[in-house]
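Here the structure comes first, spelled out in C-alpha cells, and everything after it is commentary.
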Amino acid sequence: MAQAQPRMEVPGDNFSLEGALDLFKKSSSPEEFEQMLNNPETKVNNLDLNGDGYIDYMRVFDIQEANVHAFVIQAVISERERQD
C-alpha cells in the first residue's frame, strides 16, 4: 500500500481565486477591488512571491478596448519586478 505524498505548497496557493471573484462582484470600481484585495481582513491575498516575509501588494488594471474590459491583477514583487 503506497503512502500519499505530502502536497508541496506553491506560491499561488496563497491567493484565493474564488475569494477574488467574490470581492470583484462586490466592488464598484477597479480601485475598490484593489483595496479589498489588499485588505488583510478579506484573507484573499497571502502571496509572498519574493520570500521577504511580507504579503505582496496587488495592483488592479482595467484595460479597455471599445466595450471590452480586461482586468489584470499584478503582484508587486520589488521596485523593478512585477508578476501578472
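The number of heavy atoms from other shown groups lying within 6.0 Å of CD (Gln64) is above 12.
Closest approach of Phe33 to Ala20, counting heavy atoms only: CE1-O, 3.3 Å. For the pair Leu49 and Ala75, the tightest heavy-atom approach, listed with the atom from each and the gap, is CD1-CB, 3.9 Å.
Thr42 contributes a side-chain N or O that, together with a main-chain N or O of Met36, makes up a donor-acceptor pair within less than 3.5 Å. Judged by distance alone, with hydrogens and angles left aside, the side-chain atoms of Arg80 form no donor-acceptor pair with the main-chain N or O of Ile77 at under 3.5 Å. Looking at Glu41, its side chain never comes within 3.5 Å of a backbone N or O of Lys43 through a donor-acceptor pair. A donor-acceptor pair under 3.5 Å is absent between the side-chain atoms of Asp22 and the main chain of Glu18, judged by distance alone. In this structure, Asn45 contributes its side chain and Asp56 its backbone to a donor-acceptor pair below 3.5 Å.
In terms of the side-chain contact (heavy atoms from CB on, under 4.5 Å) criterion, residue partners of Glu31 (sequence neighbours excluded) are, by chain and number, Ser29. Scored by the side-chain hydrogen bond (donor to acceptor under 3.5 Å, both in side chains) test, Ser78 finds no partners at all (sequence neighbours excluded). Under the rule for a side-chain contact (heavy atoms from CB on, under 4.5 Å), the partners of Asp84 that lie at least two apart in sequence or sit in another chain are Val72, Gln74. Residues satisfying the side-chain contact (heavy atoms from CB on, under 4.5 Å) test with Leu21, not counting sequence neighbours, are Lys25. By the side-chain contact (heavy atoms from CB on, under 4.5 Å) test, Phe71 is found to be paired with Phe24, Pro30, Val60, Asp62, His69, residues two or more places apart in sequence or in another chain being considered.
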task: Decide yes or no on side chain to side chain contact (heavy atoms under 4.5 Å, CB included) for Leu37 and Phe15, but give the supporting numbers first.
output: CA-CA 10 Å; Leu37 276 177; Phe15 186 85; 4.0 Å; yes
query: Given the rule in the side chain to side chain contact (heavy atoms under 4.5 Å, CB included) test, do Lys26 and Glu32 qualify, once you have shown the distances and angles that lead to the verdict?
result: CA-CA 9 Å; Lys26 293 176 182 176; Glu32 183 180 19; over 6 Å; no
message: Working note: Val76 + Met58, criterion side chain to side chain contact (heavy atoms under 4.5 Å, CB included); need CA distance, chi angles, decisive distance, verdict.
response: CA-CA 6 Å; Val76 179; Met58 304 300 285; over 6 Å; no
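Here Ile55 is tied to no hydrophobic group at all, with no ILVMFWY side chain closer than 4.5 Å.
Taking 4.5 Å as the limit, every side-chain heavy atom of Gln35 sits out of range of all side-chain heavy atoms of Asn39.
Clustering ILVMFWY residues whenever any of their side-chain heavy atoms sit less than 4.5 angstrom apart, transitively, puts Leu17 in the very cluster that holds Leu23.
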